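Note that the coordinates shown come from a computational prediction; the quantities given were computed from them, not determined experimentally.
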Amino acid sequence: MPVHRSGMTRTRTRSRALADRPTVIAALCAALALLLSLPGAASAAQVPERGTAYMGMGVVKHDGRDGKPGGIVAQAVQTEGVDVSSHQGNVAWQTLWNSGVRWAYVKATEGTYYKNTYFTQQYNGSYNVGMIRGTYHFATPDTTSGAAQADYFVNNGGGWSADGRTLPGALDIEWNPYGATCYGKTQSGMVAWIRDFVNRYKARTGRDPVIYTATSWWKQCTGNYGGFASTNPLWIARYASTVGELPAGWPYYTMWQYTSTGPTVGDHNHFNGDITRVRALANG
């Protein structure tokens with residue numbers, strides 16, 4: 001009659017477990033790789049820290065990059081400008097001035113929770129070398145109302161003065177780097193949020209803010225709404241040899257961010273006209 005030996009059974013069980021371990025590890029690795037390949041998991045791992053957004057952050061990812069302006073555009077009268085944020089740190093403004101840059105926009109705020117830590121050097125530095133400059137606000141419509149963000153912007157560097165050297169504030173409304181592309185809003189809800197911001201900004205400063213956006217985002221998130229074109233100057237983002245299609249209602253752009261790989265600071269822009277047109281926008 002066979003004799004049962006518990007010690008032998010435990011030994012065989014441990015041996016089988018050890019033999020199966022590589023298979024289990026391989027299965028776990030495969031499952032982890034599958035999870036990381038899912039869009040939600042990948043995007044969650046890449047979400048930047050709040051406050052780090054900047055003008056044009058989503059352009060290359062969503063619209064790509066296709067050369068720089070040339071031909072007819074290069075021959076038209078355009079005035080070179082730049083936009084900067086904390087990513088550029090202390091900016092070499094004299095170098096930019098010497099290269100022909102004559103205007104600049106500086107990020108002032110984001111949402112109602114962030115102020116550019118390099119604002120003073122960037123805003124005053126551009127002015128001190130002779131540039132006409134303004135400030136922009138990176139919108140986060142999923143955090144607070146448009147009016148609340150306009151107030152935060154104006155209270156923290158986004159105001160305007162009639163000194164001939166200060167451009168009206170700009171609303172940077174584009175892809176959400178922290179979550180859903182349209183910030184969880186319907187197209188009509190997004191239009192209402194933008195209207196809330198621009199109306200409050202004008203009530204506080206007397207100026208209609210510039211709207212910075214990309215045509216593809218504007219179509220997707222506002223339904224290609226054309227109601228701001230008669231009051232708000234358009235600053236279009238497109239990294240290509242031509243400006244391409246504009247959002248509905250605007251017959252022309254006022255400013256065009258055409259590259260994120262320009263000299264010294266990366267983001268370079270064309271103003272649609274000579275320096276007298278830049279001054280005219282500053283003067284209102």
Polar side chain donor-acceptor pair, Thr242 to Arg238, under 3.5 angstrom: yes
Spacing of SG belonging to Cys182 relative to NZ belonging to Lys185, to within rounding of 0.5 Å: 11.0 Å
Verdict with supporting geometry, Val243 and His270, side-chain contact (heavy atoms from CB on, under 4.5 Å): CA-CA 10 Å; Val243 74; His270 285 322; over 6 Å; no
Closest non-hydrogen atom pair between Met190 and Ile173, with its separation: SD-CD1, 4.1 Å
Smallest separation among heavy atoms of Glu174 and Met55, with atom names: OE2-CA, 3.5 Å
Over 12 foreign heavy atoms within 6.0 Å of CZ, Arg204: yes
Backbone of Ser85 reached by a side-chain donor or acceptor of Gln88 within 3.5 Å: yes
OG1 on Thr135 to CG on Asp83, rounded to 0.5 Å: 12.5 Å
Minimum-distance pair of heavy atoms, taken over all atoms of Arg279 and Ile132: CG-CD1, 3.5 Å
Heavy-atom donor-acceptor pair, Asn232 side chain to Pro209 backbone, under 3.5 Å: yes
Side-chain H-bond candidate by donor/acceptor type, Thr143 with Tyr178, under 3.5 Å: no
Separation between NE2 of His268 and CG of Leu96, rounded to the nearest 0.5 Å: 6.0 Å
Heavy-atom check, side chain of Leu281 versus side chain of Arg207, under 4.5 Å: yes
Aromatic Tyr127 / basic Arg165 pairing, under 6.0 angstrom, 45° off normal: yes
ILVMFWY cluster, Leu167 and Val91 together (side-chain gap under 4.5 Å): no
Trp217-Tyr225 co-clustered via ILVMFWY side chain contacts under 4.5 Å: yes
Flag side-chain contact, heavy atom, 4.5 Å: Thr264 against Ser99: no
Separation of Asn283 CG from Asp163 CG (nearest 0.5 Å): 8.5 Å
is_close_aromatic(Phe197, His137), centroid dist under 6.0 Å: yes
Same apolar cluster: Trp175 and Ile211, side chain cutoff 4.5 Å: yes
Steps toward side-chain contact (heavy atoms from CB on, under 4.5 Å) verdict (Tyr105, Val210): CA-CA 11 Å; Tyr105 266 88; Val210 174; 3.8 Å; yes
Under 3.5 Å: donor-acceptor pair, side chain of Trp103, backbone of Gly134: no
Check: Tyr123 main-chain N/O paired with Trp93 side-chain donor or acceptor under 3.5 Å: no
Within-4.5 Å side-chain heavy-atom neighbours: Asp267 and Gln257: yes
Stepwise side-chain hydrogen bond (donor to acceptor under 3.5 Å, both in side chains) test for Thr140 and Tyr114: CA-CA 11 Å; Thr140 56; Tyr114 173 81; over 6 Å; no
Audit row: Ser260, Arg65, side-chain contact (heavy atoms from CB on, under 4.5 Å) steps and yes/no: CA-CA 9 Å; Ser260 62; Arg65 193 194 310 275; 2.9 Å; yes
Side-chain donor-acceptor contact under 3.5 Å, Asp208 with Thr231: no
Backbone of Gly273 reached by a side-chain donor or acceptor of Gln78 within 3.5 Å: no
Residues Gln149, Trp193; criterion side-chain contact (heavy atoms from CB on, under 4.5 Å); working and verdict: CA-CA 10 Å; Gln149 292 193 31; Trp193 191 96; 3.5 Å; yes
Residue among Thr213, Asn269, Thr254 satisfying side chain to side chain donor-acceptor pair (under 3.5 Å) with Trp235: Asn269
Backbone N/O of Tyr253 and side chain of Asn272: donor-acceptor pair under 3.5 Å: yes
Backbone of Asn90 reached by a side-chain donor or acceptor of Gln121 within 3.5 Å: no
Arg102 NZ/CZ over Trp97 ring centroid, <6.0 Å and within 45° of normal: yes
Verify same cluster id: Val60, Trp256 (apolar side-chain graph, 4.5 Å): yes
Other residues, nucleotides, ligands: >12 heavy atoms within 6.0 Å of Tyr252 OH: no
Side-chain heavy atoms of Tyr152 within contact of Tyr113, under 4.5 Å: no
Tyr201 ring center within less than 6.0 Å of Phe153 ring center: yes
Flag, side chain of Glu110 to backbone of Phe138, donor-acceptor distance under 3.5 Å: no
Inter-residue atom distance Asn156.CG - Thr109.OG1, 0.5 Å rounding: 6.5 Å
Closest non-hydrogen atom pair between Val59 and Ala237, with its separation: CG2-CB, 3.9 Å
Tyr212 reachable from Phe119 in the ILVMFWY side-chain graph, under 4.5 Å edges: no
Distance-minimising heavy-atom pair for Ala104 and Met131: CB-SD, 4.1 Å
Shortest non-hydrogen contact from Ile236 toward Thr215: CD1-OG1, 3.4 Å
Salt-bridge present (Asp142, Arg50; N to O < 4.0 Å): yes
Any Cys221 side-chain heavy atom under 4.5 Å of Thr181 side chain: yes
Donor-acceptor under 3.5 Å (Asp196 side chain, Ala192 main chain): no
NZ on Lys107 to CG on Asp172, rounded to 0.5 Å: 8.0 Å
